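All chains are named by letter (A, B, ...) in the order of the sequence lines, taking the proteins before the strands, and each is independently numbered beginning at 1. The structure displayed is predicted, hence computed values, not measured ones.
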Protein chains: 2
Amino acid sequence: MAANQGERVRRRLSTGERREQLLSVGARLFSESPYDEVWIEQVAEIAGVSRGLLYHYFPTKRDFFAAVVERESERMLRMSAAVPGVPVREQLAAGLDTYLEHVRAHAHGYRAFHRADAAGDQAVRKVYQRALAAQERQILAALAADPEFGPRALERPELRLAVRGWLAFTTAVSLEWLRDAELSREQVRDLCARALLGVL
Amino acid sequence: MAANQGERVRRRLSTGERREQLLSVGARLFSESPYDEVWIEQVAEIAGVSRGLLYHYFPTKRDFFAAVVERESERMLRMSAAVPGVPVREQLAAGLDTYLEHVRAHAHGYRAFHRADAAGDQAVRKVYQRALAAQERQILAALAADPEFGPRALERPELRLAVRGWLAFTTAVSLEWLRDAELSREQVRDLCARALLGVL
DNA sequence: ACTTTACTTGACGCCGGTTCAACAGCGGGA
DNA sequence: TCCCGCTGTTGAACCGGCGTCAAGTAAAGT
(Lines give C-alpha, C1' and ligand atoms only; values in the text may rest on other atoms or scores of the structure.)
Protein backbone atom coordinates (compact mmCIF):
# COMPACT_ATOMS: atom_id res chain seq x y z
CA MET A 1 0.00 0.00 0.00
CA ALA A 2 0.98 3.61 -0.56
CA ALA A 3 3.62 2.43 -2.93
CA ASN A 4 4.48 5.78 -4.42
CA GLN A 5 4.17 8.06 -1.47
CA GLY A 6 7.54 9.13 -0.28
CA GLU A 7 9.52 9.61 -3.43
CA ARG A 8 6.81 11.13 -5.56
CA VAL A 9 7.71 14.52 -6.90
CA ARG A 10 5.43 17.12 -5.49
CA ARG A 11 2.77 17.87 -8.08
CA ARG A 12 0.71 20.96 -8.23
CA LEU A 13 -2.79 20.35 -9.49
CA SER A 14 -5.50 22.72 -10.47
CA THR A 15 -8.10 23.27 -7.80
CA GLY A 16 -10.61 21.26 -9.78
CA GLU A 17 -8.36 18.26 -10.18
CA ARG A 18 -7.20 18.30 -6.59
CA ARG A 19 -10.73 18.63 -5.31
CA GLU A 20 -11.83 15.72 -7.43
CA GLN A 21 -8.94 13.60 -6.27
CA LEU A 22 -9.61 14.31 -2.61
CA LEU A 23 -13.28 13.48 -3.04
CA SER A 24 -12.37 10.18 -4.69
CA VAL A 25 -10.09 9.22 -1.84
CA GLY A 26 -12.79 10.29 0.59
CA ALA A 27 -15.41 8.19 -1.15
CA ARG A 28 -13.20 5.16 -0.89
CA LEU A 29 -12.39 5.63 2.76
CA PHE A 30 -15.90 6.57 3.81
CA SER A 31 -17.18 3.52 2.01
CA GLU A 32 -14.87 1.26 3.97
CA SER A 33 -15.01 2.73 7.46
CA PRO A 34 -17.57 4.60 9.52
CA TYR A 35 -17.28 8.36 9.61
CA ASP A 36 -15.29 8.80 12.76
CA GLU A 37 -12.78 6.12 11.89
CA VAL A 38 -11.71 8.04 8.83
CA TRP A 39 -8.90 10.44 9.74
CA ILE A 40 -8.29 13.55 7.77
CA GLU A 41 -4.63 12.68 8.07
CA GLN A 42 -5.29 9.37 6.35
CA VAL A 43 -7.08 11.04 3.47
CA ALA A 44 -4.24 13.48 3.05
CA GLU A 45 -1.59 10.79 3.18
CA ILE A 46 -3.25 8.66 0.53
CA ALA A 47 -3.72 11.69 -1.66
CA GLY A 48 -0.05 12.48 -1.18
CA VAL A 49 -0.80 15.82 0.35
CA SER A 50 -0.65 17.55 3.70
CA ARG A 51 -3.44 17.66 6.26
CA GLY A 52 -3.60 21.39 5.89
CA LEU A 53 -4.51 21.26 2.25
CA LEU A 54 -7.68 19.42 2.99
CA TYR A 55 -8.77 22.27 5.19
CA HIS A 56 -7.98 24.62 2.35
CA TYR A 57 -10.50 22.83 0.16
CA PHE A 58 -13.07 21.95 2.81
CA PRO A 59 -13.74 23.97 5.96
CA THR A 60 -14.32 20.98 8.21
CA LYS A 61 -14.33 17.21 8.14
CA ARG A 62 -18.10 17.26 8.06
CA ASP A 63 -18.08 19.52 5.05
CA PHE A 64 -15.68 17.17 3.38
CA PHE A 65 -18.01 14.26 4.02
CA ALA A 66 -20.93 16.33 2.82
CA ALA A 67 -19.04 17.12 -0.39
CA VAL A 68 -18.37 13.43 -0.97
CA VAL A 69 -22.03 12.67 -0.48
CA GLU A 70 -23.15 15.54 -2.64
CA ARG A 71 -20.88 14.50 -5.48
CA GLU A 72 -22.35 11.02 -5.45
CA SER A 73 -25.84 12.36 -5.20
CA GLU A 74 -25.28 14.50 -8.29
CA ARG A 75 -23.83 11.61 -10.20
CA MET A 76 -26.79 9.51 -9.24
CA LEU A 77 -29.40 12.04 -10.23
CA ARG A 78 -27.71 12.74 -13.54
CA MET A 79 -27.75 9.04 -14.27
CA SER A 80 -31.30 8.18 -13.35
CA ALA A 81 -33.29 10.54 -15.51
CA ALA A 82 -36.64 9.14 -16.51
CA VAL A 83 -37.67 8.53 -20.09
CA PRO A 84 -41.11 10.02 -20.62
CA GLY A 85 -43.81 8.37 -22.67
CA VAL A 86 -42.75 4.81 -22.09
CA PRO A 87 -44.85 2.47 -19.95
CA VAL A 88 -43.58 2.03 -16.43
CA ARG A 89 -43.11 -1.71 -16.75
CA GLU A 90 -40.67 -1.26 -19.59
CA GLN A 91 -38.97 1.77 -18.19
CA LEU A 92 -38.43 -0.04 -14.94
CA ALA A 93 -36.21 -2.80 -16.27
CA ALA A 94 -34.07 -0.43 -18.27
CA GLY A 95 -33.85 2.06 -15.42
CA LEU A 96 -32.82 -0.62 -12.97
CA ASP A 97 -30.19 -1.90 -15.37
CA THR A 98 -28.70 1.56 -15.58
CA TYR A 99 -28.96 1.93 -11.84
CA LEU A 100 -27.25 -1.37 -11.06
CA GLU A 101 -24.57 -0.63 -13.60
CA HIS A 102 -23.95 2.63 -11.83
CA VAL A 103 -23.83 0.85 -8.49
CA ARG A 104 -21.09 -1.48 -9.72
CA ALA A 105 -19.13 1.26 -11.42
CA HIS A 106 -19.17 3.54 -8.40
CA ALA A 107 -19.34 1.03 -5.60
CA HIS A 108 -17.28 3.14 -3.22
CA GLY A 109 -19.21 6.29 -3.81
CA TYR A 110 -22.48 4.44 -3.60
CA ARG A 111 -21.63 2.96 -0.23
CA ALA A 112 -20.28 6.23 1.10
CA PHE A 113 -23.41 8.02 -0.09
CA HIS A 114 -25.74 5.71 1.77
CA ARG A 115 -23.83 6.33 4.94
CA ALA A 116 -25.03 9.90 5.00
CA ASP A 117 -28.39 8.95 6.41
CA ALA A 118 -27.17 7.43 9.63
CA ALA A 119 -23.72 8.95 10.06
CA GLY A 120 -24.22 12.48 8.88
CA ASP A 121 -25.22 15.63 10.68
CA GLN A 122 -28.19 17.74 9.76
CA ALA A 123 -26.54 19.30 6.70
CA VAL A 124 -25.33 15.99 5.29
CA ARG A 125 -28.67 14.38 5.92
CA LYS A 126 -30.30 17.19 4.07
CA VAL A 127 -28.23 16.49 0.97
CA TYR A 128 -29.10 12.83 1.28
CA GLN A 129 -32.79 13.45 1.76
CA ARG A 130 -32.86 15.82 -1.17
CA ALA A 131 -31.35 13.17 -3.42
CA LEU A 132 -33.84 10.58 -2.20
CA ALA A 133 -36.71 12.98 -2.68
CA ALA A 134 -35.57 13.65 -6.23
CA GLN A 135 -35.53 9.96 -7.06
CA GLU A 136 -38.87 9.63 -5.38
CA ARG A 137 -40.28 12.41 -7.52
CA GLN A 138 -38.92 10.87 -10.69
CA ILE A 139 -40.59 7.59 -9.92
CA LEU A 140 -43.87 9.15 -8.91
CA ALA A 141 -43.86 11.27 -12.06
CA ALA A 142 -43.22 8.21 -14.20
CA LEU A 143 -46.09 6.44 -12.47
CA ALA A 144 -48.42 9.36 -12.98
CA ALA A 145 -47.55 9.50 -16.68
CA ASP A 146 -48.49 5.87 -17.17
CA PRO A 147 -52.13 5.14 -17.96
CA GLU A 148 -51.95 1.96 -15.90
CA PHE A 149 -51.55 3.97 -12.74
CA GLY A 150 -52.70 7.40 -13.74
CA PRO A 151 -52.32 10.90 -12.38
CA ARG A 152 -54.61 10.10 -9.48
CA ALA A 153 -51.83 8.04 -8.04
CA LEU A 154 -50.01 11.11 -6.80
CA GLU A 155 -52.82 11.89 -4.43
CA ARG A 156 -52.57 8.70 -2.47
CA PRO A 157 -50.39 9.57 0.51
CA GLU A 158 -49.37 6.00 1.04
CA LEU A 159 -47.86 5.87 -2.43
CA ARG A 160 -45.10 8.23 -1.45
CA LEU A 161 -44.29 6.02 1.48
CA ALA A 162 -44.39 2.95 -0.70
CA VAL A 163 -41.93 4.46 -3.15
CA ARG A 164 -39.64 5.49 -0.34
CA GLY A 165 -39.78 2.01 1.06
CA TRP A 166 -39.03 0.55 -2.31
CA LEU A 167 -35.98 2.79 -2.64
CA ALA A 168 -34.75 1.40 0.64
CA PHE A 169 -35.43 -2.09 -0.64
CA THR A 170 -33.42 -1.48 -3.78
CA THR A 171 -30.62 0.15 -1.85
CA ALA A 172 -30.36 -2.70 0.63
CA VAL A 173 -30.39 -5.30 -2.10
CA SER A 174 -27.80 -3.37 -4.08
CA LEU A 175 -25.49 -3.03 -1.11
CA GLU A 176 -25.85 -6.71 -0.31
CA TRP A 177 -25.21 -7.51 -3.94
CA LEU A 178 -22.02 -5.46 -3.84
CA ARG A 179 -20.86 -7.32 -0.75
CA ASP A 180 -21.34 -10.70 -2.31
CA ALA A 181 -22.50 -10.94 -5.91
CA GLU A 182 -23.92 -14.42 -5.92
CA LEU A 183 -26.77 -13.28 -8.11
CA SER A 184 -26.52 -11.88 -11.59
CA ARG A 185 -27.50 -8.34 -12.36
CA GLU A 186 -30.57 -9.60 -14.22
CA GLN A 187 -31.79 -11.51 -11.18
CA VAL A 188 -31.32 -8.51 -8.93
CA ARG A 189 -33.04 -6.32 -11.48
CA ASP A 190 -36.05 -8.62 -11.69
CA LEU A 191 -36.23 -8.89 -7.94
CA CYS A 192 -36.38 -5.12 -7.54
CA ALA A 193 -38.84 -4.73 -10.41
CA ARG A 194 -41.13 -7.33 -8.88
CA ALA A 195 -40.91 -5.53 -5.56
CA LEU A 196 -42.13 -2.25 -6.99
CA LEU A 197 -44.95 -3.73 -9.00
CA GLY A 198 -45.93 -5.87 -6.04
CA VAL A 199 -46.28 -3.00 -3.67
CA LEU A 200 -48.41 -0.83 -5.93
CA MET B 1 -33.53 22.45 30.43
CA ALA B 2 -31.92 20.09 32.93
CA ALA B 3 -34.38 21.33 35.49
CA ASN B 4 -33.52 18.96 38.26
CA GLN B 5 -29.83 18.65 37.85
CA GLY B 6 -28.04 20.71 40.38
CA GLU B 7 -30.12 20.38 43.48
CA ARG B 8 -31.12 16.78 43.10
CA VAL B 9 -30.15 14.67 46.04
CA ARG B 10 -27.51 12.23 45.04
CA ARG B 11 -29.25 8.92 44.44
CA ARG B 12 -27.51 5.62 44.54
CA LEU B 13 -28.87 3.02 42.16
CA SER B 14 -28.06 -0.61 41.78
CA THR B 15 -25.63 -1.33 39.00
CA GLY B 16 -28.43 -2.80 36.93
CA GLU B 17 -30.69 0.20 37.29
CA ARG B 18 -27.92 2.68 36.61
CA ARG B 19 -26.78 0.77 33.57
CA GLU B 20 -30.31 0.73 32.26
CA GLN B 21 -30.70 4.44 32.87
CA LEU B 22 -27.48 5.28 31.07
CA LEU B 23 -28.47 3.14 28.12
CA SER B 24 -31.81 4.91 27.94
CA VAL B 25 -30.18 8.30 27.87
CA GLY B 26 -27.75 7.02 25.27
CA ALA B 27 -30.55 5.70 23.11
CA ARG B 28 -32.21 9.08 23.18
CA LEU B 29 -29.09 11.02 22.33
CA PHE B 30 -27.88 8.62 19.68
CA SER B 31 -31.30 8.69 18.09
CA GLU B 32 -31.17 12.47 17.82
CA SER B 33 -27.57 13.12 16.82
CA PRO B 34 -24.93 11.26 14.86
CA TYR B 35 -22.39 9.31 16.86
CA ASP B 36 -19.63 11.85 16.99
CA GLU B 37 -21.90 14.67 18.06
CA VAL B 38 -22.84 12.85 21.23
CA TRP B 39 -20.44 13.67 24.07
CA ILE B 40 -19.93 11.31 26.95
CA GLU B 41 -20.07 14.37 29.16
CA GLN B 42 -23.54 15.17 27.85
CA VAL B 43 -24.79 11.69 28.61
CA ALA B 44 -23.42 11.92 32.12
CA GLU B 45 -24.91 15.32 32.72
CA ILE B 46 -28.40 14.29 31.62
CA ALA B 47 -28.18 11.16 33.72
CA GLY B 48 -27.12 13.33 36.64
CA VAL B 49 -23.84 11.56 37.19
CA SER B 50 -20.18 12.20 36.61
CA ARG B 51 -18.23 11.46 33.44
CA GLY B 52 -16.12 9.03 35.37
CA LEU B 53 -19.08 6.85 36.23
CA LEU B 54 -19.81 6.22 32.59
CA TYR B 55 -16.34 4.89 32.10
CA HIS B 56 -16.94 2.72 35.13
CA TYR B 57 -19.83 1.04 33.34
CA PHE B 58 -18.53 1.12 29.76
CA PRO B 59 -14.85 0.98 28.77
CA THR B 60 -15.13 3.34 25.81
CA LYS B 61 -17.65 5.46 23.99
CA ARG B 62 -17.83 2.86 21.25
CA ASP B 63 -18.63 0.16 23.77
CA PHE B 64 -21.32 2.38 25.16
CA PHE B 65 -22.85 2.80 21.73
CA ALA B 66 -22.51 -0.91 21.12
CA ALA B 67 -24.33 -1.60 24.39
CA VAL B 68 -27.14 0.73 23.37
CA VAL B 69 -27.49 -1.06 20.07
CA GLU B 70 -27.28 -4.49 21.62
CA ARG B 71 -29.95 -3.65 24.16
CA GLU B 72 -32.32 -2.60 21.39
CA SER B 73 -31.46 -5.62 19.33
CA GLU B 74 -32.33 -7.90 22.24
CA ARG B 75 -35.59 -6.13 22.86
CA MET B 76 -36.44 -6.45 19.21
CA LEU B 77 -35.66 -10.13 18.95
CA ARG B 78 -37.54 -10.92 22.14
CA MET B 79 -40.56 -9.12 20.73
CA SER B 80 -40.68 -10.58 17.27
CA ALA B 81 -40.81 -14.28 17.95
CA ALA B 82 -42.72 -16.17 15.31
CA VAL B 83 -45.83 -18.16 16.05
CA PRO B 84 -45.47 -21.58 14.49
CA GLY B 85 -48.28 -23.40 12.73
CA VAL B 86 -50.16 -20.36 11.58
CA PRO B 87 -50.31 -19.45 7.88
CA VAL B 88 -47.92 -16.71 6.88
CA ARG B 89 -50.60 -14.37 5.65
CA GLU B 90 -52.25 -14.30 9.05
CA GLN B 91 -49.05 -14.27 11.01
CA LEU B 92 -47.83 -11.35 8.99
CA ALA B 93 -50.49 -8.87 9.98
CA ALA B 94 -50.23 -9.74 13.64
CA GLY B 95 -46.45 -9.71 13.56
CA LEU B 96 -46.36 -6.33 11.87
CA ASP B 97 -48.79 -4.93 14.39
CA THR B 98 -46.55 -6.02 17.20
CA TYR B 99 -43.55 -4.69 15.36
CA LEU B 100 -45.05 -1.29 14.69
CA GLU B 101 -46.26 -1.07 18.25
CA HIS B 102 -42.72 -1.71 19.37
CA VAL B 103 -41.43 0.93 17.00
CA ARG B 104 -43.71 3.53 18.52
CA ALA B 105 -43.02 2.49 22.07
CA HIS B 106 -39.25 2.53 21.65
CA ALA B 107 -38.84 5.14 18.97
CA HIS B 108 -35.54 6.43 20.32
CA GLY B 109 -34.00 3.02 20.68
CA TYR B 110 -35.31 2.00 17.29
CA ARG B 111 -33.70 4.97 15.59
CA ALA B 112 -30.45 4.57 17.49
CA PHE B 113 -30.38 0.90 16.61
CA HIS B 114 -30.65 1.51 12.91
CA ARG B 115 -27.75 3.90 13.10
CA ALA B 116 -25.43 1.03 13.90
CA ASP B 117 -25.23 -0.01 10.29
CA ALA B 118 -23.69 3.16 8.98
CA ALA B 119 -22.18 4.76 12.04
CA GLY B 120 -20.78 1.83 13.93
CA ASP B 121 -17.43 0.15 13.85
CA GLN B 122 -16.93 -3.49 13.05
CA ALA B 123 -18.10 -4.73 16.45
CA VAL B 124 -21.25 -2.64 16.44
CA ARG B 125 -22.04 -3.61 12.89
CA LYS B 126 -21.68 -7.21 13.87
CA VAL B 127 -24.34 -6.83 16.54
CA TYR B 128 -26.58 -5.12 14.02
CA GLN B 129 -26.03 -7.72 11.33
CA ARG B 130 -26.66 -10.49 13.81
CA ALA B 131 -29.99 -8.98 14.73
CA LEU B 132 -30.96 -8.58 11.09
CA ALA B 133 -29.91 -12.13 10.32
CA ALA B 134 -32.04 -13.38 13.18
CA GLN B 135 -35.10 -11.59 11.90
CA GLU B 136 -34.32 -12.87 8.45
CA ARG B 137 -34.14 -16.42 9.76
CA GLN B 138 -37.43 -16.07 11.59
CA ILE B 139 -39.14 -14.93 8.44
CA LEU B 140 -37.58 -17.58 6.26
CA ALA B 141 -38.50 -20.24 8.78
CA ALA B 142 -42.08 -19.03 8.89
CA LEU B 143 -42.20 -19.14 5.11
CA ALA B 144 -40.78 -22.63 4.98
CA ALA B 145 -43.35 -23.83 7.50
CA ASP B 146 -46.21 -22.59 5.37
CA PRO B 147 -47.57 -24.96 2.74
CA GLU B 148 -48.17 -22.04 0.40
CA PHE B 149 -44.45 -21.47 0.04
CA GLY B 150 -42.98 -24.71 1.30
CA PRO B 151 -39.59 -25.84 2.52
CA ARG B 152 -38.14 -25.62 -0.97
CA ALA B 153 -38.25 -21.87 -0.61
CA LEU B 154 -35.16 -21.85 1.57
CA GLU B 155 -33.09 -23.10 -1.30
CA ARG B 156 -33.76 -20.17 -3.56
CA PRO B 157 -30.81 -17.84 -3.01
CA GLU B 158 -32.76 -14.83 -4.17
CA LEU B 159 -35.30 -15.36 -1.43
CA ARG B 160 -32.80 -14.44 1.25
CA LEU B 161 -32.03 -11.26 -0.63
CA ALA B 162 -35.72 -10.54 -1.05
CA VAL B 163 -36.33 -10.90 2.67
CA ARG B 164 -33.40 -8.67 3.47
CA GLY B 165 -34.70 -6.09 1.07
CA TRP B 166 -38.12 -6.29 2.61
CA LEU B 167 -36.64 -5.71 6.06
CA ALA B 168 -35.05 -2.56 4.70
CA PHE B 169 -38.39 -1.58 3.22
CA THR B 170 -40.14 -2.02 6.52
CA THR B 171 -37.43 -0.21 8.40
CA ALA B 172 -37.48 2.76 6.05
CA VAL B 173 -41.24 2.99 6.17
CA SER B 174 -41.23 2.69 9.95
CA LEU B 175 -38.63 5.43 10.36
CA GLU B 176 -40.53 7.68 7.99
CA TRP B 177 -43.72 6.91 9.87
CA LEU B 178 -42.06 7.92 13.13
CA ARG B 179 -40.92 11.19 11.61
CA ASP B 180 -44.35 12.10 10.42
CA ALA B 181 -47.25 9.84 11.23
CA GLU B 182 -49.72 10.91 8.58
CA LEU B 183 -50.79 7.32 8.10
CA SER B 184 -52.41 5.04 10.63
CA ARG B 185 -50.67 1.99 11.92
CA GLU B 186 -53.10 -0.19 9.98
CA GLN B 187 -52.24 1.50 6.72
CA VAL B 188 -48.53 1.10 7.33
CA ARG B 189 -49.07 -2.49 8.34
CA ASP B 190 -50.99 -3.28 5.17
CA LEU B 191 -48.40 -1.53 3.06
CA CYS B 192 -45.60 -3.64 4.49
CA ALA B 193 -47.62 -6.83 4.29
CA ARG B 194 -48.40 -6.17 0.64
CA ALA B 195 -44.73 -5.52 -0.01
CA LEU B 196 -43.68 -8.89 1.33
CA LEU B 197 -46.37 -10.85 -0.45
CA GLY B 198 -45.69 -8.93 -3.62
CA VAL B 199 -42.02 -9.72 -3.71
CA LEU B 200 -42.40 -13.45 -3.15
C1' DA C 1 -21.54 2.14 64.00
C1' DC C 2 -19.39 -0.31 60.58
C1' DT C 3 -18.80 -2.22 56.03
C1' DT C 4 -19.55 -2.24 51.51
C1' DT C 5 -19.56 -0.21 47.23
C1' DA C 6 -21.79 3.19 44.16
C1' DC C 7 -20.19 7.35 42.99
C1' DT C 8 -17.33 11.98 42.71
C1' DT C 9 -13.47 14.86 41.85
C1' DG C 10 -9.89 16.68 39.41
C1' DA C 11 -5.75 16.29 37.15
C1' DC C 12 -3.39 14.33 33.38
C1' DG C 13 -1.84 12.25 28.56
C1' DC C 14 -3.24 11.44 24.14
C1' DC C 15 -4.99 12.10 19.74
C1' DG C 16 -7.46 13.85 16.01
C1' DG C 17 -9.78 18.22 14.21
C1' DT C 18 -8.83 22.92 13.15
C1' DT C 19 -6.09 27.26 12.51
C1' DC C 20 -2.63 30.06 10.49
C1' DA C 21 1.58 32.20 9.07
C1' DA C 22 5.09 31.05 6.01
C1' DC C 23 6.74 28.56 1.90
C1' DA C 24 7.16 27.02 -2.93
C1' DG C 25 5.74 25.88 -7.66
C1' DC C 26 3.96 27.93 -11.84
C1' DG C 27 2.52 31.55 -15.29
C1' DG C 28 3.11 36.12 -17.01
C1' DG C 29 5.47 40.42 -17.88
C1' DA C 30 9.87 42.94 -18.78
C1' DT D 1 16.05 34.89 -19.05
C1' DC D 2 14.94 36.80 -14.86
C1' DC D 3 11.84 38.28 -11.66
C1' DC D 4 7.31 38.71 -9.48
C1' DG D 5 2.90 37.83 -7.88
C1' DC D 6 -0.69 34.50 -7.46
C1' DT D 7 -2.12 30.63 -5.30
C1' DG D 8 -1.50 25.74 -4.20
C1' DT D 9 0.67 23.84 -0.30
C1' DT D 10 3.13 23.01 4.00
C1' DG D 11 4.25 22.33 9.09
C1' DA D 12 3.64 23.29 13.53
C1' DA D 13 0.98 24.80 17.13
C1' DC D 14 -3.64 25.03 19.42
C1' DC D 15 -7.89 23.16 21.13
C1' DG D 16 -11.29 20.09 22.91
C1' DG D 17 -13.13 15.62 23.72
C1' DC D 18 -11.79 10.76 24.89
C1' DG D 19 -9.96 7.82 28.29
C1' DT D 20 -7.07 6.97 32.83
C1' DC D 21 -6.26 7.04 37.45
C1' DA D 22 -5.87 7.64 42.48
C1' DA D 23 -7.96 9.31 46.32
C1' DG D 24 -11.75 10.30 48.42
C1' DT D 25 -17.23 10.79 49.77
C1' DA D 26 -21.57 9.19 51.00
C1' DA D 27 -25.60 6.22 50.57
C1' DA D 28 -27.37 1.70 51.40
C1' DG D 29 -27.17 -2.93 53.89
C1' DT D 30 -26.15 -5.32 58.45
Does Tyr55(A) put a side-chain nitrogen or oxygen below 4.0 Å from OP1 or OP2 of dC20(C)?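 Looking at the OP1 and OP2 atoms of dC20(C), neither is under 4.0 Å from any side-chain N or O of Tyr55(A).
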
dT9(D) phosphate, OP1 or OP2, under 4.0 Å from Tyr57(A) side-chain N/O: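 The answer is yes; a side-chain N or O of Tyr57(A) sits under 4.0 Å from OP1 or OP2.
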
Write down the distance between [atom1] ([X]) and [atom2] ([N]), rounded to a whole number of angstrom.
X	N	atom1	atom2	value
Asp36(A)	dT18(C)	CG	P	13 Å
Leu22(B)	dT8(C)	CG	P	10 Å
Glu37(B)	dG16(D)	CD	C1'	15 Å
Phe58(A)	dG8(D)	CZ	C1'	14 Å
Glu17(B)	dC7(C)	CD	C1'	15 Å
Tyr35(B)	dG17(C)	OH	P	13 Å
Leu13(A)	dG27(C)	CG	C1'	16 Å
Lys61(A)	dG17(C)	NZ	P	4 Å

What is the nucleic acid contact for [X], judged by heavy atoms within less than 4.0 Å: base, sugar-phosphate only, or nothing?
X	answer
Phe64(B)	nothing
His56(B)	nothing
Leu53(A)	base
Arg18(A)	sugar-phosphate
Ser14(A)	nothing
Val38(A)	sugar-phosphate
Ser50(A)	base

Which of these, Arg75(B), Glu70(B), Glu74(B), sits in a side chain to side chain contact (heavy atoms under 4.5 Å, CB included) with Glu72(B)?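 Exactly one pass, corresponding to Arg75(B).
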
Could you say whether Gly52(B) or Glu41(B) is positioned toward the 5' end of DNA chain D, judged by the nucleotide with the nearest heavy atom to each?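 Result of the comparison: Glu41(B).
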
Salt-bridged, Arg11(B) to Glu17(B), with N to O below 4.0 Å?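 Looking at Glu17(B) together with Arg11(B), the answer is no, because their closest N to O distance does not fall below 4.0 Å.
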
Do the charged groups of Arg71(A) and Glu20(A) touch, with an N to O distance under 4.0 Å?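 Result for this pair is yes, salt bridge flagged.
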
State whether the distance check finds a donor on one side and an acceptor on the other, under 3.5 Å, for side chain Arg12(A) versus base dT7(D).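 Donor-acceptor pair under 3.5 Å: yes.
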
Hey, are the side chains of Asp36(A) and Arg62(B) touching, using non-hydrogen atoms and a 4.5 Å cut-off?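 In short, these two side chains touch, coming nearer than 4.5 Å.
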
Can you classify the ring geometry of Tyr110(A) versus His102(A) as parallel (below 30°), tilted (30 to 60°) or perpendicular (above 60°)?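 Aromatic pair Tyr110(A)/His102(A) classed perpendicular.
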
